[in-house]
There are 2 protein chains.
Amino acid sequence: MAETLTTTALTLKDIAREAGVSLATVDRVMHNRPGVRPDTVRRVREAIERHSFQPHVAAAELARGRARRFAFVMPSGPNPFMQQIEAYLGEMAGWLAARRLGVEMVATDVFDPSVLAASLEALSGDYDGVAVVALDHPSVRAAINDLVDAGTKVVTLVSDVPSSRRHHYVGIDNIAAGRTAGALVGRLVGQSSGKVAIVAGSQGLRDHAERIFGFNQVMASEFPGLSVLPVLEGRDQDDRSEQVLARLLGEHADIVGLYNVGAGTQGVAKALSDAGRDEVVFVGHDVTVLTRRLLLQGVMDAAISQNPGHEARAAVRVLLALARGEPILREQEKIRIDIVMRDNLP
Amino acid sequence: MAETLTTTALTLKDIAREAGVSLATVDRVMHNRPGVRPDTVRRVREAIERHSFQPHVAAAELARGRARRFAFVMPSGPNPFMQQIEAYLGEMAGWLAARRLGVEMVATDVFDPSVLAASLEALSGDYDGVAVVALDHPSVRAAINDLVDAGTKVVTLVSDVPSSRRHHYVGIDNIAAGRTAGALVGRLVGQSSGKVAIVAGSQGLRDHAERIFGFNQVMASEFPGLSVLPVLEGRDQDDRSEQVLARLLGEHADIVGLYNVGAGTQGVAKALSDAGRDEVVFVGHDVTVLTRRLLLQGVMDAAISQNPGHEARAAVRVLLALARGEPILREQEKIRIDIVMRDNLP
DNA sequence: GGTGTTTTGAGGTACGCAACTCATTTTGAG
DNA sequence: CTCAAAATGAGTTGCGTACCTCAAAACACC
């Protein structure tokens with residue numbers, strides 16, 4: 001009836017006795033320190049295995065004394081999504097303090113590879129872990145690898161650098177996000193013909209490119225009657241997004257769907273309403289004060305969201321687990337693609 | 001440029017010096033032990049506030065010695081959702097062991113108030129925390145309150161008992177879930193007239209009743225052209241759900257939408273396909289092996305999901321935070337209503 | 001057998017806090 | 001002013017690990 005999921009209550013001392021060695025030797029084995037004969041190592045390892053011994057995380061943490069420092073390298077300038085991440089880190093202040101974790105924000109121009117790389121290099125040695133919103137570029141990749149080689153734990157946040165040796169990526173699968181957007185636009189349009197517009201920040205950004213790729217995939221295979229117009233680039237700015245979209249709306253009277261890949265949402269919404277085209281199915285990204293209002297007003301039909309709070313917390317937890325040498329709860333740290341409509345606004 | 005979010009590195013000793021008292025007195029204040037003058041209490045509290053001092057969680061955990069025990073009271077019998085929760089707890093085994101947390105599963109008949117109440121009473125005194133999938137019934141409420149009075153931390157899981165004094169509810173807002181289902185059915189149907197069917201387990205179950213309420217709310221206000229048929233009760237069983245739905249489909253040729261509130265999904269799907277009505281928009285709950293397949297096949301159009309892994313982990317984290325007297329990260333522990341379609345299947 | 005090197009044992013300290021005891025000081029009532 | 005009660009100080013122990021030193025033992029090599 002009552003089934004226990006955990007067992008351990010042993011200490012290092014028990015392992016030492018079990019393996020017939022002293023505490024010091026067990027300690028050497030546990031931390032891969034030299035000076036233990038291979039045969040002895042094996043005996044100790046076996047004793048650990050046999051009881052599936054786990055060091056008491058509280059004791060380990062206390063014993064090491066030294067506090068840990070993490071750095072979050074984020075875009076400078078006003079970006080609502082990043083501000084939310086920062087805000088959530090602020091909310092964790094108590095949690096962090098109780099664990100003697102120091103988290104520092106480092107603002108930099110993440111869109112300039114050399115500047116970003118320099119910022120990363122500057123962190124070397126001072127931090128136990130670094131979370132970075134990274135551009136995928138050779139010099140950035142090299143900077144990340146240098147950090148890793150120096151023993152710093154590195155996670156990429158929101159935007160990945162898969163070719164680097166970063167330990168983990170905390171963010172969504174952007175191709176799947178684009179596919180989801182495509183499925184939503186297609187389904188919500190609910191008719192078999194018409195045109196669909198895409199507004200992106202830049203096709204040079206990895207995440208935007210991936211989203212567009214996924215979007216087109218679904219449109220082509222599942223909604224062949226809908227024709228996708230060439231991608232507009234709004235540089236994630238409101239005014240520019242508004243201009244390019246307004247022109248497009250003027251040229252095509254039969255636009256029935258719109259996918260806004262990045263930011264600049266305010267401008268997109270304005271172009272739509274100024275043109276009197278509120279009936280166009282409008283799917284965008286992220287739940288912010290603005291998109292929340294647009295959803296409630298019915299201007300936006302759905303938002304694809306990656307929970308910034310979850311990303312912030314996941315990044316911290318992953319860095320901490322990496323630093324402690326603990327396994328990562330992959331399922332927990334996976335960032336899900338949320339579909340947010342008016343009625344499930346968080 | 002680099003902005004620090006945390007400060008603390010103080011110890012109890014520093015607070016004692018700061019307040020001009022001894023360690024013993026600080027300890028008395030921290031743990032609300034008697035024998036300290038109100039004025040002294042104030043001085044110590046102020047010193048703690050001033051530096052926003054937080055006890056080192058690792059040191060505190062280590063010092064208390066005793067391991068913590070939590071019990072999960074779950075429905076007996078095969079229930080995929082509950083099995084998933086149990087599985088996720090299993091995945092946390094290492095995490096739990098490293099923190100010397102014992103988690104035990106207690107299977108019981110949660111649908112029988114007296115049996116459930118008795119199971120809860122039996123736990124009294126043995127556990128630091130209890131998570132329970134609870135029926136909302138006076139005797140269950142009383143049992144929960146008794147546990148709380150005995151100092152045990154109690155969280156309700158999946159299904160709440162709001163009238164009890166449980167410390168926390170880990171689960172979704174079921175009215176909002178129903179509203180979300182309504183919005184999806186309405187939008188995906190994409191036409192202004194037709195009938196919509198509802199299959200529920202029982203209208204006596206709190207969560208089902210709430211979902212139906214939310215669903216009807218949205219249908220009435222936003223999709224007046226769609227008429228909702230009387231609720232079918234399938235007792236969460238496949239065969240019964242299939243029978244009642246098959247009969248209804250025979251009676252109404254103009255059913256365009258279907259909301260399956262609880263389990264019995266297999267039967268619902270079978271009734272639909274046997275009747276050759278695959279075009280009906282079908283929205284249900286939870287991502288299981290079955291619903292995943294149905295979504296991929298296009299039989300189901302969307303699933304409203306509450307992440308069971310998140311619920312399991314949140315319950316453990318909340319119980320631990322409660323037991324330690326730590327604040328709860330509400331944003332983190334809030335269970336979101338996920339909309340899952342084919343392209344964002346987790 | 002002697003020498004030098006590697007491996008191991010033994011032991012200690014520190015980490016920050018909880019929980020406790022016991023002695024001492026302060027306070028307030030009579 | 002006295003005495004008991006209340007308040008406070010001082011100190012101890014233990015939690016399980018990390019990290020360090022020093023000495024002893026085992027070993028390899030000539």
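The sequence lines fix the lettering, A, B, ..., with proteins before strands; numbering per chain opens at 1.
Between Leu116(B) and Val132(B) the shortest side-chain heavy-atom distance falls below 4.5 Å. Side-chain contact between Met105(B) and Leu89(B) is present, with heavy atoms from C-beta onward closer than 4.5 Å. Leu120(A) has its side chain within reach of Val73(A): a pair of non-hydrogen atoms, C-beta onward, lies under 4.5 Å apart.
Taking atom CG on Asn32(B) and atom P on dA19(C), their separation rounds to 12 Å, with Å as the unit. Rounded to an integer number of Å, the gap from Asp39(A) CG to dC27(D) C1' is 14 Å. Across the protein-nucleic acid pair, Leu12(A) atom CG and dA10(C) atom P stand 16 Å apart, rounded to whole Å. For the pair Arg17(A) CZ and dA10(C) P, the computed distance is 13 Å after rounding to whole Å. Between His31(A) atom NE2 and dG16(D) atom P the separation is 16 Å, expressed in whole Å. If you take NE2 of His51(B) and C1' of dG16(C), they are 17 Å apart, rounded to a whole angstrom. In this structure, Arg99(A) atom CZ and dC17(C) atom P are separated by 14 Å, rounded to whole Å. For Lys13(A) and dG9(C), the NZ to P distance is 17 Å, given to the nearest whole Å.
On a pure distance criterion of 3.5 Å, no polar donor-acceptor pair joins the side chain of Arg100(B) and the base of dG16(D).
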Tabulate protein N/O versus nucleotide N/O from nucleotides 23-27 of chain C, keeping only pairs under 3.5 Å, one per line.
none

Under 3.5 Å, which protein N or O atoms sit close to an N or O of nucleotides 12-15 of chain C? Give each pair with its distance.
| from | atom 1 | to | atom 2 | distance (Å) |
| --- | --- | --- | --- | --- |
| dC15(C) | O2 | Leu62(A) | O | 3.4 |

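The side chain of Ala24(B) lies closest to dG9(D), out of dA19(C), dG9(D), dG16(C). The side chain of Ser22(A) approaches dA10(C) more closely than any other nucleotide in the set dG9(D), dC17(C), dA10(C). With dC17(C), dT8(D), dT17(D) as the choices, the nucleotide that has an atom nearest any side-chain atom of Thr40(B) turns out to be dT8(D). The side chain of Val36(B) lies closest to dT8(D) when the candidates are dT8(D), dG11(C), dT17(D).
At a threshold of 4.0 Å, the pair Arg99(B)-Glu326(A) counts as salt-bridged, since one of the basic side-chain nitrogens sits closer than that to a carboxylate oxygen. Salt bridge status for Arg33(B) with Asp27(B): present, with a side-chain N to carboxylate O gap under 4.0 Å.
Contact check, His56(A) against dC15(D): no side-chain N or O comes under 4.0 Å of OP1 or OP2. Distances shorter than 4.0 Å separate none of the side-chain N or O atoms of Arg43(B) from OP1 or OP2 on dT8(D).
Shown here, dG30(C) forms a base pair with dC1(D); the pair counts as Watson-Crick or G-U wobble because both key distances fall under 3.5 Å.
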Let's go through Lys334(A) and Ile172(A) carefully: what are the C-alpha distance in whole Å and the side-chain angles of both, what is the deciding distance for side-chain contact (heavy atoms from CB on, under 4.5 Å) to 0.1 Å, and is it a yes or a no? CA-CA 8 Å; Lys334(A) 189 152 122 197; Ile172(A) 59 173; over 6 Å; no
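Note on Ala60(A): only backbone sugar-phosphate atoms sit closer than 4.0 angstrom, heavy atoms only; bases stay farther off. Among the protein residues, Arg33(A) comes within range of the sugar-phosphate backbone only, with heavy atoms under 4.0 Å from sugar or phosphate atoms but none that close to a base.
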Below 3.5 Å, can you tabulate the donor-acceptor pairs from side chains in residues 57-67 of chain B to any protein atom, sequence neighbours excluded?
| from | atom 1 | to | atom 2 | distance (Å) |
| --- | --- | --- | --- | --- |
| Glu61(B) | OE1 | Arg68(B) | NH2 | 3.3 |
| Glu61(B) | OE1 | Arg324(B) | NE | 3.1 |
| Glu61(B) | OE2 | Arg68(B) | NE | 3.2 |
| Arg64(B) | NH1 | Arg66(B) | O | 2.7 |

Please tabulate, for side-chain N and O atoms in residues 139-148 of chain A, each donor-acceptor pair with protein atoms closer than 3.5 Å (sequence neighbours left out).
| from | atom 1 | to | atom 2 | distance (Å) |
| --- | --- | --- | --- | --- |
| Ser139(A) | OG | His137(A) | ND1 | 3.0 |
| Arg141(A) | NE | Ser163(A) | OG | 2.9 |
| Asn145(A) | OD1 | Arg165(A) | N | 2.8 |

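When each of Ala58(B) and Asp27(B) is assigned the nucleotide of DNA chain C bearing its nearest heavy atom, the one mapping closer to the 5' terminus is Ala58(B).
Looking at residues two or more places apart in sequence or on another chain, you find no side chain to side chain contact (heavy atoms under 4.5 Å, CB included) involving Pro38(B). For Arg37(B), the side chain to side chain contact (heavy atoms under 4.5 Å, CB included) partners are Thr40(B), not counting sequence neighbours.
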